[in-house]
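What you are looking at is a predicted structure, and each value in this text was computed from that prediction instead of being measured.
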Amino acid sequence: MDNNFSGEDNDNIDWDTEDELEIQEIPDATFSSCTNLRNVGHNTVSGHGEASSSSVPCQSKLIQQFIVMGFPEESIAKAIEQNGENEGLVLDALLTFKQALEDSPEEQPSTSAQMEPSISSDDSSSQYNENFLVDVYEDDSWSSDSDNCMNSAKQSYLNDDNSSLSENENSLLFLANMGYPAEEASIAMERCGPEASFSELIDFMCAAQMAREEDVYLPEDEKPKLNSGGYKRKMYNELRVRKKQKAITDEEPIHLPRPMIGFGVPTESLPAIVQRTLPEQAIGPPFFYYENVALAPKGVWDTMSRFLYDIEPEFVDSKYFCATARKRGYIHNLPIEDRFPLLPLPPRTIHEAFPLTKKWWPSWDTRTKLNCLQTSIGSARLADRIRKAMKAMENFDDEPPLMVQKYVLDECRKWNLLWVGRNKVSPLETDEFEMLMGFPRNHTRGGGISRTDRYKSLGNAFQVDTVAYHLSVLKDLYPNGINVLSLFSGIGGAEVALYRLGIPLNNVVSVEIAEVNRNILRSWWEQTNQKGNLIDFNDIQQLNGDDLEQMINSFGGFDLVIGGSPCNNLTGSNRVTRDGLEGKDSSLFYDYVRIVDLVKSIMSNRRV
DNA sequence: TGAAACATGAGGTCCACG
DNA sequence: CGTGGACCTCATGTTTCA
């Protein structure tokens with residue numbers, strides 16, 4: 001063990017000496033942009049006299065700053081060599097070097113261990129009724145095959161040049177590809193007219209088909225049929241993309257509003273839009289409510305709006321509802337008059353939410369709200385680096401140097417760290433996530449879910465107070481309760497919001513791919529003694545018109561279709577597969593559209 | 001082997017400034 | 001009106017650990 005460390009030390013020493021020489025030989029041009037550094041340097045070491053000397057070269061000044069802070073000169077040289085003149089990076093590197101040295105077996109950092117114990121390892125207290133574990137969930141390992149199939153289908157379609165075909169021929173071709181007899185398709189086109197939309201044609205054929213063979217439902221078989229269903233669906237989607245894109249080319253792109261309050265929030269006395277006119281196609285039933293990240297790549301919200309009946313998205317930052325920011329866009333056809341917030345109002349600042357942190361909060365950390373809660377948290381090692389940086393700066397009169405302040409504050413913002421002790425920051429605990437997101441305490445706890453998965457599920461959830469505010473208009477409309485189709489349910493943000501609003505949940509059909517999340521929702525459903533029925537599906541891609549029709553027939557239709565599709569190919573946090581709406585997961589948006597379309601058409605056919 | 005911990009950066013928006 | 005910097009983000013892939 002010790003040999004390894006000593007080996008590394010030797011390496012360090014060698015590099016340091018070389019680096020030192022190199023640094024001294026670096027021409028001034030390398031550090032030509034000195035003005036910024038000079039300003040910072042002046043502020044930083046003003047109490048020590050040296051900074052006023054304008055003859056000191058830039059890099060030396062930078063080194064001097066760090067020497068004043070107590071870092072060894074060799075390490076400073078190495079850090080500058082590796083990171084250039086960026087002070088933040090240099091400081092981070094220095095702290096990392098220091099930590100690497102101190103992590104040797106002799107000295108175990110004692111404080112870093114304090115983060116764990118607050119989570120009790122005793123999860124056995126919860127006694128869950130396992131009756132709900134009906135074996136309806138199947139192994140979904142085949143789904144990647146399905147994806148591949150759809151992707152290649154899409155690719156081949158995109159590669160094909162269908163521009164020579166007329167609109168009618170195109171429609172006919174793809175209706176045929178979707179499995180409709182050419183004869184029926186052509187009749188539908190004749191009857192509905194040349195301007196008929198694709199969904200209208202399908203509606204017509206569905207109605208005709210239902211009229212003919214009311215009692216015949218195709219048996220639900222396994223993989224092959226599902227795969228071909230995905231194939232057809234994708235074709236359908238692609239065609240719609242083309243049709244819709246053609247129609248709208250010169251419209252204004254969607255901009256994010258400032259302040260991000262949508263059509264109004266309860267807590268700000270800011271001008272709110274109190275009325276809006278929905279496009280006729282958009283008007284329910286059913287009501288629908290769609291959510292995703294506001295800061296998606298360019299054009300994504302334009303596309304989503306086009307697919308959801310050209311409704312203008314409502315962009316809202318949850319910082320107007322609670323102590324954490326969450327910038328999201330919502331496309332919905334709900335009324336926007338007479339909304340009301342959930343009571344009690346949640347804490348709206350960090351200090352209100354975490355009173356104990358006030359004592360340790362430095363005056364120069366000016367945060368009053370947390371940033372967006374993500375699916376993972378800052379590391380213990382980072383918290384340790386910050387503690388050491390702060391401790392090292394204690395000899396400064398009142399506040400650490402601006403450079404250190406900036407480093408610490410940047411990391412605190414990035415990882416949503418709280419001050420929980422002297423010089424001590426900590427990431428949020430899981431129950432704090434729950435509280436900030438508006439869920440009951442222990443909502444995600446127990447039942448076999450890991451801590452990592454709890455953070456992930458909570459990071460992907462609705463902010464309940466925000467969504468509840470938008471849904472509050474349903475309370476007067478459905479005094480006897482509602483039927484909800486909840487897509488991408490996650491841990492049940494929509495259900496919790498409706499429940500907390502006091503809207504009875506008669507029938508909830510929940511579609512959620514992750515078993516841990518389905519279990520969480522099922523547990524909540526049982527623990528809150530819901531009177532209604534909770535039916536769950538695991539894969540939205542398997543949910544077809546027959547399923548929906550059966551459910552609609554059995555309880556009379558859905559009042560609300562609600563859900564937020566995966567954002568992981570849209571969010572800026574993703575540096576690997578930020579592929580936009582065509583990304584592997586985020587393309588499930590089109591399934592949301594498909595389901596809304598289907599519910600809409602099935603329900604309108606029933607009314608006729 | 002699975003869970004936990006860790007390291008990793010681009011893309012967009014906003015705003016001050018020249 | 002362009003530019004540069006500050007700021008923010010429902011994450012992913014790899015390594016470490018138990």
Side-chain angles (χ1 to χ4, degrees), chain A residues 33 35-36 39-40 86-89 92-93 96 99-100 103 112-113 115-116 119 121 123 253-260 290-301 315-319 324-330 366-367 369-385 406-407 409-416 427 430 433 436-437 439 448-464 466-467 488-491 493 514 516-517 563-580 583-586 588-589:
Chain A
S33 59
T35 48
N36 205 11
N39 288 338
V40 174
N86 184 315
E87 301 142 52
L89 293 178
D92 200 22
T96 310
Q99 184 153 30
D103 278 353
S112 62
M115 308 218 302
E116 293 303 326
I119 289 295
S121 59
D123 276 350
I254 291 172
H255 291 293
L256 298 179
R258 261 183 81 85
M260 199 181 277
Y290 173 79
E291 180 256 18
N292 215 318
V293 290
L295 284 80
K298 259 183 184 169
V300 164
W301 275 104
F315 293 102
V316 183
D317 189 337
S318 293
K319 74 177 180 183
T324 180
R326 201 167 184 83
K327 298 180 180 66
R328 295 292 179 270
Y330 306 89
T366 52
R367 292 176 296 159
K369 305 272 185 185
L370 292 166
N371 276 334
C372 183
L373 303 191
Q374 312 232 54
T375 56
S376 55
I377 57 167
S379 65
R381 197 169 292 178
L382 172 66
D384 198 39
R385 278 205 294 273
K406 182 172 162 22
Y407 164 76
L409 203 42
D410 282 351
E411 296 294 339
C412 285
R413 284 209 177 96
K414 184 173 176 184
W415 294 106
N416 272 330
T430 42
F433 259 54
L436 290 166
M437 297 293 284
F439 288 90
I449 187 173
S450 72
R451 252 167 79 81
T452 311
D453 282 345
R454 288 181 71 186
Y455 282 117
K456 189 174 171 191
S457 295
L458 284 160
N460 282 317
F462 284 162
Q463 205 288 322
V464 171
T466 311
V467 171
F488 313 103
S489 301
I491 56 175
V516 288
N517 289 343
S565 60
C567 71
N568 46 355
N569 304 124
L570 308 179
T571 172
S573 309
N574 188 345
R575 304 178 289 277
V576 184
T577 55
R578 197 185 188 192
D579 304 327
K584 182 173 172 294
D585 299 309
S586 293
L588 290 174
F589 162 75

Discussion item. Categorize A/Gly490 for me: base, sugar-phosphate, or nothing, with a 4.0 angstrom heavy-atom threshold over every strand shown.
Written reply: nothing

Discussion item. Both distances below 3.5 Å, Watson-Crick or wobble geometry, any strand: find the nucleotide opposite C/dC10.
Written reply: none

Worksheet, complete the sentence: Walking DNA chain B from its 5' end, the first of A/Gly572 and A/Ser450 to be reached, judged by nearest nucleotide, is A/Ser450

Discussion item. Should the side chain of A/Arg328 and the base of C/dC10 be counted as holding a donor-acceptor pair, with the cut-off at 3.5 Å?
Written reply: yes

Item to complete: Say whether A/Thr577 and A/Asn574, considering side chains only, have a donor N or O and an acceptor N or O under 3.5 Å apart.
Response: yes

Worksheet item: Tell me: NZ of A/Lys584 to P of C/dA11, nearest whole Å?
Response: 16 Å

Discussion item. Any base atoms under 4.0 Å from A/Cys372, or only sugar-phosphate, or nothing? Heavy atoms, all strands.
Written reply: sugar-phosphate

Worksheet item: With the sugar-phosphate defined as primed atoms, P, OP1 and OP2, and the base as all remaining atoms, what B/S/- string results for nucleotides 12-18 of chain C, 5' to 3', for protein heavy atoms under 4.0 Å?
Response: SS-----

Fill in: Whether A/Asn569 side chain and A/Asp585 backbone form a donor-acceptor pair below 3.5 Å
yes

Worksheet item: So what does A/Leu373 hit on the nucleic acid, given a heavy-atom distance under 4.0 Å: a base, only sugar-phosphate, or nothing?
Response: nothing

Item to complete: Would you indicate, yes or no, if B/dC15 has its OP1 or OP2 atom less than 4.0 angstrom from a side-chain nitrogen or oxygen of A/Arg258?
Response: yes

Worksheet item: To the nearest Å, how far apart are A/Glu411 CD and C/dC8 P?
Response: 13 Å

Response to the item:
Separation of C/dT9 atom C1' from A/Asn292 atom CG, nearest Å, is 13 Å

Worksheet item: Does some side-chain heavy atom of A/Phe315 sit less than 4.5 Å from a side-chain heavy atom of A/Ile254?
Response: yes

Worksheet item: Can you tell me how far C1' of B/dT13 sits from CD1 of A/Ile254, to the nearest Å?
Response: 16 Å

Fill in: A/Leu373 vs A/Arg326 side-chain heavy atoms within contact, under 4.5 Å
yes

Item to complete: Rounded to the nearest angstrom, tell me the gap between atom CZ in A/Phe589 and atom C1' in C/dC10.
Response: 17 Å

Worksheet item: Of A/Arg578 and A/Gly448, whose nearest nucleotide on DNA chain B comes first from the 5' end?
Response: A/Gly448

Worksheet item: Per the atom types in the model, does the base of C/dC8 pair as donor or acceptor with the side chain of A/Arg413 at under 3.5 Å?
Response: no

Item to complete: Please check the phosphate of B/dA4 (OP1 and OP2 only) for any side-chain N or O of A/Thr452 closer than 4.0 Å.
Response: yes

Item to complete: Verify the contact: side-chain N or O of A/Asn371 to OP1 or OP2 of C/dT9, cut-off strictly under 4.0 Å; return yes or no.
Response: yes

Discussion item. Strictly below 4.0 Å: does A/Gln374 bring a side-chain N or O up to OP1 or OP2 of C/dA11?
Written reply: yes

Worksheet item: For C/dT9, does either OP1 or OP2 sit under 4.0 Å from a side-chain N or O belonging to A/Ser573?
Response: no

Discussion item. In the structure I gave you, are the side-chain heavy atoms of A/Arg367 and A/Leu409 within less than 4.5 Å of one another anywhere?
Written reply: yes

Practice prompt. Write down the atom of A/Arg413, the atom of A/Thr366, and the distance for their closest heavy-atom approach.
Written response: NH2-OG1, 4.2 Å

Fill in: Heavy-atom check, side chain of A/Ile377 versus side chain of A/Trp415, under 4.5 Å
no

Worksheet item: Are any of the side-chain heavy atoms of A/Pro259 and A/Lys319 separated by less than 4.5 Å?
Response: no

Discussion item. Please report the distance, rounded to the nearest Å, between CG in A/Asp410 and P in C/dT9.
Written reply: 13 Å

Worksheet entry | Integer-rounded Å distance: B/dC6 C1' and A/Leu382 CG | 10 Å

Worksheet item: Rounded to whole angstroms, how far apart are CD1 on A/Ile377 and P on B/dA3?
Response: 16 Å

Item to complete: Both distances under 3.5 Å, Watson-Crick or G-U wobble: report the partner of B/dG9, or none.
Response: none

Discussion item. Please give the distance between the C1' atoms of C/dC10 and B/dC14 as a whole number of Å.
Written reply: 22 Å

Discussion item. At 4.0 Å (heavy atoms only), tell me whether A/Ser565 reaches a base, stays on the sugar-phosphate, or touches nothing.
Written reply: base

Fill in: Close side-chain approach of A/Asn292 to A/Trp301, heavy-atom, < 4.5 Å
yes

